[in-house]
Structure formats: C-alpha cells, structure tokens
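Step one of this worksheet: look at the structure below.
So you know, we letter chains A, B, ... as the sequences are listed, proteins then strands, and number each from 1.
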Amino acid sequence: MLDIKFIRENTEAVEKGVKDRGLKLDLKKLLSLDAEKRKFITEVEDMKSKKNTASQEIGKLLREKKDASKLKAEMKASSQKVKEIDTKVGDINDTLQKMLLEIPNIPDSSVPVGPDGRSNKVVRKWGKPRKFNFNTKNHIELAEELDIIDFGRAAKISGAGFALYKGLGARLERALINFMLDIHTKKHGYKEVFPPFLVNRKSMTGTGQLPKLEEDMYRLKDDDLFLIPTAEVPVTNMHRDETIDEADLPIYYTAYTACFRREAGSYGKDTRGLVRVHQFDKVELVKFVKPETSSDELEKLLKDAEAVIQLLNIPYRVAVLSTGDMSFAASKCYDIEIWAPGTDAWLEVSSCSNFTDFQARRANIKYRPKDSKKAAYIHTLNGSGVALARLVVAIIENYQEKDGSITIPEPLRPYMDSMDAIRFV
RNA sequence: GGAGGAGUGGCUGAGUGGCCGAAAGCGGCGGUCUUGAAAACCGUUGUACCUUCGCGGUACCGUGGGUUCGAAUCCUACCUCCUCCGCCA
C-alpha cells in the first residue's frame with residue numbers, strides 16, 4: 001500500500017509507476033474522494049467539539065439541579081447529524097481503502113521498463129551446462145524409472161498437478177530441506193521458524209496476495225482461512241501491528257513450508273512433471289530491515305539464495321525483472337533460474353524481492369528510529385532459498401548418468417547416509 | 001464440544017455513566033547530587049488523524065454494532081487468552 005499523503009504530493013510519480021507496469025488507474029477519483037473525506041472530517045470534528053462542550057454543560061446543569069431539556073434536545077439532533085456524516089466518512093474511507101489496496105508498489109528506478117518478461121535483463125550467469133555423451137532424459141522419465149516419484153498415484157490421491165515422492169525421492173526432498181535450512185541458519189545468520197500453513201484474511205492482505213489474487217489461493221470457506229502460497233505470508237505477518245526495537249533490526253528469518261497454489265489460468269502449461277505443481281516445498285528467506293539498508297539487503301539476500309545452488313553445482317542465471325513482470329508488491333525483484341537439461345529450460349527457483357515499505361504499511365510494521373520521535377515503517381524483503389520441486393528437477397536432470405541412475409551432489413550426501421547415487425533396485 | 005473467568009498505555013494494575021486519555025507502581029528519557037556510578041529527589045514520558053498549523057481540535061481502554069445529551073464503564077455480536085470437564089494425533 002502506498003501512503004495517501006505520498007500519492008497526494010507525488011501524483012505524477014505514482015502515475016508513472018502504474019503505467020510502467022502496464023496498468024491503468026484513475027488517481028483523479030482517488031484524490032477527489034480523499035479531498036471529500038477530509039472536508040467531511042473537518043466539518044464533523046467541529047460538530048463533535050461543540051457537542052462535547054455542550055454535554056459537559058448538561059452535566060453541570062444537572063448537578064446544579066437545573067433544567068437541561070432544551071440543550072439535550074438540541075444535542076440529540078446534532079448527534080443524529082454527526083452519525084450521518086460519520087457514516088458517510090466511513091463509506092468514503094472504505095472505498096478509498098479498497099482503491100489503495102489495489103495500487104501496486106512503485107518500481108525502483110533501477111528496474112528496466114517494459115511490458116512483460118521479454119524486457120527482463122539477465123545480470124549474470126553461473127556455471128557451465130554439462131556436456132552429455134548420451135541422450136538425456138527428462139526428470140519424469142528418470143524419476144518414474146527409478147520409482148522415486150509416482151505421478152500416477154498422486155493423481156489418484158489428489159488430482160493432476162501433485163507428486164508422490166517415494167523411497168529415496170522422499171529422502172532427497174527431506175535432505176534438501178535440511179541442507180538449505182542448515183546453510184541459512186549456520187552460515188547466513190537467519191533464524192529458523194516453522195509457521196502455520198493456514199493463515200487468515202488479514203495476513204493475506206498484509207503481504208499483498210489479497211484482495212487481487214484471491215482466485216489463485218486455496219481457500220477454506222467455512223473458516224475464511226487460506227493455504228499459504230509461500231512462507232512469505234505467515235513469516236512477514238509475524239510482526240504485523242508491531243513496533244520493532246531499532247536494536248533488533250535487521251531481522252532475518254528462514255522457514256521451510258509447503259506451498260499451495262491453484263495455478264488457475266495456467267492450464268495446459270507444464271501440466272506434466274514437477275515444474276508446475278499445486279503443492280511444493282520451499283525454504284524461504286524473509287528480512288525486516290531499516291529503510292536505508294533495504295537495497296543492499298536485497299543483494300545480500302540474492303547471494304544467500306545463489307549460494308545454495310552454487311554448492312549443489314548447478315548452472316543458473318539471475319535476471320532483474322522488468323516493470324511489467326514484477327509482482328504487485330515488489331519495488332525490485334531478481335529471479336534465479338536454474339538449468340534443466342532434460343526439460344531443456346531455465347526454471348525459476350527463486351524470486352528475491354524488495355518490497356520497501358509497501359507490505360509494512362499494509363501490515364503496520366514499524367520501528368522507532370533513534371533520532372526521531374515518530375515511528376517509521378520498516379522495509380520487508382523475501383526470496384526463496386530455494387523452491388524444492390524445480391530444484392529436484394534440476395538435480396535429477398543435471399546429475400543423471402547413462403545407466404539412468406542419479407549421482408547425489410556431494411553436499412547432500414551427509415544428509416543421505418553417505419549414499420553417492422540413486423540407482424535401480 | 002461443554003462450564004466458568006478475563007481482555008485498560010512499554011509492563012503490572014486501578015477505574016461500573018459526566019470531574020477519565022485514563023490513578024498508582026515499574027520501566028524509559030532529562031535534571032539535581034557524585035571523580036564516575038548506584039541510591040535518593042525533581043521533572044517528563046501513548047498512538048493516529050484533521051487543521052485557518054495556534055502549546056487548536058477529533059478519535060482510540062480486544063473488535064464491530066447499539067442505548068444515552070454524554071460510554072473504558074450499560075446492552076449485544078464476534079475475536080483472543082486463562083481455568084476445569086470431555087474428545088483426540
């Protein structure tokens with residue numbers, strides 16, 4: 001959410017930001033509603049002030065056993081009028097609030113301007129794709145042959161777009177989760193948390209998934225709860241409606257959670273295999289930082305995510321997303337894409353974003369700067385470190401051998417009883 | 001799921017219709033004293049909004065609605081927490 005005051009004073013900058021994202025928005029209506037609201041507030045507060053004085057007067061008269069019925073009658077009428085205007089202000093405010101929740105964050109000036117993903121800019125590449133001296137298979141063939149992922153039974157249990165990991169497949173999943181959490185907690189200084197996977201509407205609104213993306217969420221209607229699409233939601237909302245001590249900043253959290261996405265509207269795309277599934281595991285990184293440090297913190301966050309893939313020795317590239325491709329709440333975002341030779345594609349395994357004060361304002365997360373009396377909004381950031389399903393695709397496909405076995409990357413072996421490969425049994 | 005109790009400022013906690021944005025204590029900040037610190041003493045200390053920006057005004061005592069000239073205080077619905085019983089991984 002943007003500050004209404006900021007919009008009032010920087011209307012052009014906001015309009016440009018919205019336009020660069022390829023969206024249309026009528027700020028005129030917003031601003032005229034805002035002006036109208038303030039006019040009514042001024043009016044009604046003046047009436048309230050008079051009312052308060054009169055009420056005290058009535059109290060005084062009654063204590064002196066004098067007649068107050070005339071004043072009472074006047075105040076009754078005034079009270080009615082106040083209620084009417086208050087209702088009007090409330091209605092305007094609701095509309096205003098709804099409009100504000102639909103305005104995206106303003107892109108950082110370093111973000112390339114463009115309508116969609118084609119304007120994204122690759123900022124670096126790491127690793128060299130392996131040269132195979134045999135015909136590579138994709139992860140679906142490999143995993144099914146080794147019987148470590150069972151897509152057929154997953155479909156029977158749940159439907160299309162789910163995976164059932166079995167044996168060393170399940171073990172690999174668990175190993176990766178532990179491996180990544182260990183790196184982030186022991187080497188990068190993140191605190192591990194394990195949050196609820198179901199969250200309420202307020203949390204979903206706080207991080208910006210609602211109100212715009214309700215269609216993309218799994219929702220429990222009876223309880224108005226949502227299955228989390230990412231750990232970003234519960235973890236960022238940990239500090240909703242809180243003022244954090246400046247001395248405690250920055251705060252780094254890492255969390256493993258399952259993630260649930262309906263992927264509505266993407267039917268027909270990547271329908272087979274692990275590339276696009278309704279449920280996947282992810283280790284997430286979330287930061288709460290002072291505003292002046294957030295752009296450096298984004299670079300560090302990105303490096304922390306990259307470290308995981310480097311240790312696993314899988315080629316990847318990093319792209320800075322263009323204005324049109326960035327998510328609603330982000331001011332700047334990097335994607336990490338890993339190379340999957342069997343699928344013959346670069347797969348997005350991490351989005352690292354700086355949300356500046358956009359989420360903090362929605363979720364009301366503040367800190368008190370030392371030299372200022374007023375509390376200020378903190379900046380939030382997050383990124384995957386990294387998403388499992390696609391990482392598993394990349395591991396299976398990059399580490400496949402001619403005989404159909406899969407070599408286990410060196411750093412994962414301590415988590416897998418020192419096994420060096422997944423072979424046929 | 002059943003029965004009872006409770007939600008007040010950073011914390012503890014008083015307040016059952018006007019004199020309450022709210023006692024008192026603790027904590028924080030500033031000062032006196034001191035070589036320095038502690039103790040003691042004095043002062044100060046919530047947030048947001050409106051504003052003709054005036055040390056003016058409004059709102060906020062879990063949340064929403066209601067009663068009243070007037071609500072932290074009464075009524076009502078909901079949320080959360082605690083205790084006991086039941087059920088349960």
(request) Pick the C1' atom in B:A59 and in B:G70, then give their distance to the nearest Å. (result) 16 Å
(request) Any chance you could encode RNA chain B as dot-bracket? Rule is Watson-Crick or G-U wobble with both distances under 3.5 Å; [ ] for pairs crossing earlier ones, | for another strand. (result) ((((((((.[[[..)..(.....]]]((((((.......))))))(((((.....))))).[[[[[..)....]]]]])))))))....
(message) Would you say A:Glu232 and A:Thr207 are linked by a side-chain donor-acceptor pair, where the criterion is simply a distance under 3.5 Å?
(response) no
(message) Please tell me whether A:Tyr377 and A:Asp3 have a donor and an acceptor in their side chains that are separated by less than 3.5 angstrom.
(response) no
(message) Without decimals, in angstroms, what is the distance between A:Met47 CE and B:C50 C1'?
(response) 16 Å
(message) Using OP1 and OP2 only, check whether a side-chain N or O of A:Lys366 sits under 4.0 Å from B:A48.
(response) yes
Nucleotide N/O of nucleotides 69-71 of chain B paired with protein N/O under 3.5 Å:
from  : atom 1 : to      : atom 2 : distance (Å)
B:C69 : OP2    : A:Lys76 : NZ     : 3.3
B:C69 : O2'    : A:Ser55 : OG     : 3.3
B:G70 : OP1    : A:Ser79 : OG     : 2.7
B:G70 : O4'    : A:Ser55 : OG     : 3.2

(request) Decide, yes or no, whether a salt bridge links A:Asp34 with A:Arg38 under the criterion of side-chain N to carboxylate O below 4.0 Å. (result) yes
(message) I'd like to compare against my own output: the B/S/- annotation of nucleotides 6-11 of chain B with a strict under-4.0 Å heavy-atom distance to protein.
(response) ------
(request) For nucleotides B:G27 and B:A39, find the distance between their P atoms and express it as a whole number of Å. (result) 8 Å
(message) When the C1' atoms of B:A6 and B:A14 are compared, how many Å lie between them, rounded to an integer?
(response) 16 Å
(request) Find the distance A:Arg361:CZ to B:A48:C1' and express it as a whole number of Å. (result) 14 Å
(message) In whole Å, measure the gap between the P atoms of B:A77 and B:C82 for me.
(response) 23 Å
(request) Summarise how protein sits on nucleotides 56-62 of chain B as a single string, 5' to 3': B when a protein heavy atom is under 4.0 Å from the base, S for sugar-phosphate-only contact, - for no contact. (result) -BBS---
(message) Checking side-chain polar atoms at under 3.5 Å, does A:Glu299 have a donor or acceptor matched by the opposite partner on A:Tyr334?
(response) yes
(request) Establish, with yes or no, whether the OP1 or OP2 oxygen of B:U51 is under 4.0 angstrom from a side-chain nitrogen or oxygen of A:Arg38. (result) yes
(message) According to salt bridge (charged side-chain N to carboxylate O under 4.0 Å, His left out), does anything in residues 302-312 of chain A pair up with another residue at least two apart or in another chain? List the pairs.
(response) A:Arg124-A:Glu306
(message) Quick one: does any side-chain atom of A:His379 pair with a main-chain N or O of A:Lys290 as donor and acceptor, under 3.5 Å?
(response) no
(request) To the nearest Å, give me how far apart CG (A:Asp224) and C1' (B:C78) are. (result) 14 Å
(message) Taking the C1' atom in each of B:C75 and B:G54, what is the distance between them to the nearest angstrom?
(response) 41 Å
(message) With rounding to the closest Å, how many angstrom separate the C1' atoms on B:C61 and B:G13?
(response) 13 Å
(request) Quickly work out the A:Glu36 CD to B:C50 P distance and round it to whole Å. (result) 16 Å
(message) Regarding A:Asn105 and A:Thr356, do their side chains bring together a donor and an acceptor under 3.5 Å, going by distance alone?
(response) yes
(message) Distance check, C1' atoms only: B:A71 and B:U80, in whole angstrom units.
(response) 23 Å
(request) Check whether the ring centres of A:His239 and A:Phe288 lie less than 6.0 Å apart, and answer yes or no. (result) yes
(request) Give the rounded distance in Å between these two atoms: CG of A:Asn200 and C1' of B:U80. (result) 12 Å
(message) Walk me through whether A:Glu284 and A:Tyr253 qualify under side-chain hydrogen bond (donor to acceptor under 3.5 Å, both in side chains).
(response) CA-CA 8 Å; A:Glu284 183 76 1; A:Tyr253 290 120; over 6 Å; no
(request) Could you tell me the separation between the CD atom of A:Glu57 and the P atom of B:C19, rounded to a whole number of Å? (result) 14 Å
(request) Starting at atom NZ of A:Lys5, determine the distance to atom C1' of B:C53, rounded to an integer number of angstrom. (result) 13 Å
(request) Check the side chains of A:Thr254 and A:His184 for a donor-acceptor pair under 3.5 angstrom, ignoring hydrogens and angles. (result) no
(message) According to salt bridge (charged side-chain N to carboxylate O under 4.0 Å, His left out), does anything in residues 42-51 of chain A pair up with another residue at least two apart or in another chain? List the pairs.
(response) A:Asp46-A:Lys50, A:Lys48-A:Asp86
(request) Please figure out whether A:Arg368 or A:Lys83 has its closest RNA chain B nucleotide nearer the 5' end. (result) A:Arg368
(request) Give a yes-or-no answer on whether the side chains of A:Tyr252 and A:Glu297 include a donor-acceptor pair shorter than 3.5 Å. (result) yes
(request) Return the value, rounded to whole Å, for the distance between atom CD of A:Gln80 and atom C1' of B:U68. (result) 13 Å
(request) Applying side-chain hydrogen bond (donor to acceptor under 3.5 Å, both in side chains) between A:His139 and each of A:Glu397, A:Glu144, A:Gln400, report the one that passes. (result) A:Glu397
(request) Indicate yes or no: does A:Asp224 engage A:Arg219 in a salt bridge with an N to O separation below 4.0 Å. (result) yes
(request) Output the single nucleotide from B:U67, B:C50, B:A48 whose closest atom is nearest the side chain of A:Lys374. (result) B:A48
(message) Between A:Arg240 and A:Ser203, is there a side-chain donor-acceptor contact under 3.5 Å, judged purely by atom types and distance?
(response) yes
(message) Would you measure the distance from the C1' atom in B:U32 across to the matching atom in B:A37 and give it in whole Å?
(response) 15 Å
